[in-house]
**Student:** 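One structure is given below, represented as C-alpha cells, and several questions about it will come after.
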Amino acid sequence: MADNGLPKWFWLVAILALVWNLIGVAAWYLDLAMSSETLASLPAKQQELYAIRPLWMMIAFSIATLGGLLGSALLIARKTLATPVALLSLIGVLIQFGGGMAIPEFRAAITQAWVLPLFIVLASVALYLFARHSSAKGWLA
C-alpha cells in the first residue's frame with residue numbers, strides 16, 4: 001500500500017488509462033484533421049462511411065475521447081470529479097457505437113470489425129467502474 005491506503009496498482013491502472021485515452025484522442029484528432037487527399041486514398045466503403053456520418057456521431061466521439069482523457073487525468077490527480085467525467089465518456093462511447101448501430105451502413109461496418117468497438121466499450125466501462133471504486137475507497141478527494 002502507498003499513501004493513505006492507496007495501493008500501488010492504482011497508479012498502474014490510472015497511467016494505463018491515460019495512455020489508452022491519449023491514443024483515443026490522437027485517433028480523434030487524426031479523424032478531424034484528415035485531408036481530402038487522405039480521405040480520397042481510403043477504400044470506397046470507408047469513404048462512404050465518412051460521407052454519411054452524422055454530426056451527432058462526431059460529437060459523441062469527441063465527448064468519449066476527450067472525456068476519457070480528462071477522466072484519466074483526474075484519476076491521476078486523485079480528484080472525485082474523475083467518476084462523473086468517466087461516466088460522461090462512457091455515455092459518449094455508447095451513443096457513438098450504439099447509435100451507429102441504427103444506421104445500416106455503420107451496423108454492417110461494426111459487425112464486420114466488431115473487436116475494436118467492443119474493446120473500446122469495455123475499456124470505457126472499466127474506466128468508469130475503476131473511478132467509482134476509487135472514489136468509494138476514499139482514494140480520490
**Student:** Tell me, do Leu66 and Trp28 make a side-chain contact under 4.5 Å, heavy atoms counted?
**Tutor:** yes
**Student:** How far apart are the closest heavy atoms of Leu75 and Ala14, and which atoms are they?
**Tutor:**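 The answer is CB-CB, 4.3 Å.
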**Student:** Have a look at Leu127 and tell me which of Thr83, Leu16, Asn21 forms a side chain to side chain contact (heavy atoms under 4.5 Å, CB included) with it.
**Tutor:**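 Only one option passes, and that is Asn21.
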**Student:** What are the two closest non-hydrogen atoms of Val85 and Gly71, and how far apart are they?
**Tutor:**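 Scanning both residues completely, I find the closest heavy atoms to be CG1-N, 3.5 Å.
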**Student:** Does CH2 in Trp56 sit with more than 12 non-hydrogen atoms of other residues, nucleotides or ligands closer than 6.0 Å?
**Tutor:** yes
**Student:** Is Leu32 reachable from Val25 through a run of hydrophobic residues whose side-chain heavy atoms are each under 4.5 Å from the next?
**Tutor:**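 In one cluster with Val25: Leu32, yes.
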**Student:** Can you confirm whether Ile103 sits close enough to Met57 that some side-chain heavy atom of one is under 4.5 Å from a side-chain heavy atom of the other?
**Tutor:** yes
**Student:** Output, in order, the C-alpha distance, side-chain angles, deciding distance and verdict of side-chain contact (heavy atoms from CB on, under 4.5 Å) for Leu140 and Phe10.
**Tutor:** CA-CA 11 Å; Leu140 308 179; Phe10 170 90; 4.1 Å; yes
**Student:** Just wondering, do Met101 and Phe97 contact through their side chains at under 4.5 Å, heavy atoms?
**Tutor:** no
**Student:** What's the shortest heavy-atom distance between Leu90 and Ser124, and which atoms?
**Tutor:** CD1-CB, 3.7 Å
**Student:** Verify the cluster assignment for Trp114 and Ile120: are they in a single hydrophobic cluster under the rule of side-chain heavy atoms below 4.5 Å apart?
**Tutor:** no
**Student:** Between Phe106 and Pro54, which heavy-atom pair has the shortest distance, and what is it?
**Tutor:** CE1-CD, 4.3 Å
**Student:** Take Leu42 and Glu48 through the test side-chain contact (heavy atoms from CB on, under 4.5 Å) and record every step on the way to the result.
**Tutor:** CA-CA 10 Å; Leu42 295 176; Glu48 178 187 341; over 6 Å; no
**Student:** Backbone N or O of Ala60 within a donor-acceptor pair of the Gln96 side chain at under 3.5 Å?
**Tutor:**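 Checked: no pair found.
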**Student:** Begin with the C-alpha distance, continue with both residues' side-chain angles, and end with the deciding distance and a verdict on side-chain contact (heavy atoms from CB on, under 4.5 Å) for Leu22 and Leu18.
**Tutor:** CA-CA 6 Å; Leu22 281 169; Leu18 183 70; 4.3 Å; yes
**Student:** Would you call Val121 and Leu94 a side-chain contact if the rule is heavy atoms closer than 4.5 Å?
**Tutor:**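 The answer is yes; the side chains approach within 4.5 Å.
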**Student:** More than 12 heavy atoms of other residues, nucleotides or ligands under 6.0 Å from OH of Tyr29: yes or no?
**Tutor:**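 Incorrect, the count does not exceed 12.
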**Student:** Would you check if the side chain of Ser89 reaches a backbone N or O of Gly67 as a donor-acceptor pair within less than 3.5 Å?
**Tutor:**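 No; judged by distance alone, with no hydrogens or angles, the pair does not exist.
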**Student:** Answer yes if the side chains of Thr38 and Ser41 hold a donor-acceptor pair under 3.5 Å, and no otherwise.
**Tutor:** no
**Student:** Is it the case that more than 12 heavy atoms not belonging to Arg132 sit under 6.0 Å from its CZ atom?
**Tutor:** no
**Student:** Spell out, yes or no, whether Ile63 and Val93 are grouped together once hydrophobic residues are joined by side-chain heavy atoms under 4.5 Å, including indirect joins.
**Tutor:** no
**Student:** With the 4.5 Å side-chain cut-off for hydrophobic clustering, are Leu122 and Leu129 part of the same group?
**Tutor:**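 Different hydrophobic clusters.
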**Student:** Looking at Ala131, is its backbone amide N or carbonyl O close enough to the side chain of Ser135 to form a donor-acceptor pair, meaning the two atoms are under 3.5 Å apart?
**Tutor:**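 No: the side chain of Ser135 does not pair with the backbone of Ala131.
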**Student:** Once you round to the nearest 0.5 Å, how far does CG of Leu49 lie from CD of Glu105?
**Tutor:**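 Rounded to the nearest 0.5 Å, the CG-CD separation comes out at 7.5 Å.
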**Student:** Does the ring pair (Phe, Tyr, Trp, His ring centres under 6.0 Å) test come out yes or no for Phe119 and Trp20, once each step is laid out?
**Tutor:** CA-CA 11 Å; Phe119 188 80; Trp20 167 255; 5.1 Å; yes
**Student:** Taking atom CZ of Phe61 and atom CD1 of Ile95, what is their separation to the nearest 0.5 Å?
**Tutor:** 14.5 Å
**Student:** Nearest 0.5 Å please: distance from the CE atom of Met58 over to the CG atom of Asp31.
**Tutor:** 4.5 Å
**Student:** Flag yes if Leu88 and Phe130 sit in one hydrophobic cluster, no otherwise; membership is Ile, Leu, Val, Met, Phe, Trp, Tyr, and two members link when side-chain heavy atoms are under 4.5 Å apart.
**Tutor:** no
**Student:** Ring centroid separation for Trp139 and Trp9, is it under 6.0 angstrom?
**Tutor:** yes
**Student:** Show the numbers, then the answer: is there a side-chain contact (heavy atoms from CB on, under 4.5 Å) between Leu6 and Trp11?
**Tutor:** CA-CA 9 Å; Leu6 185 70; Trp11 297 111; 3.5 Å; yes
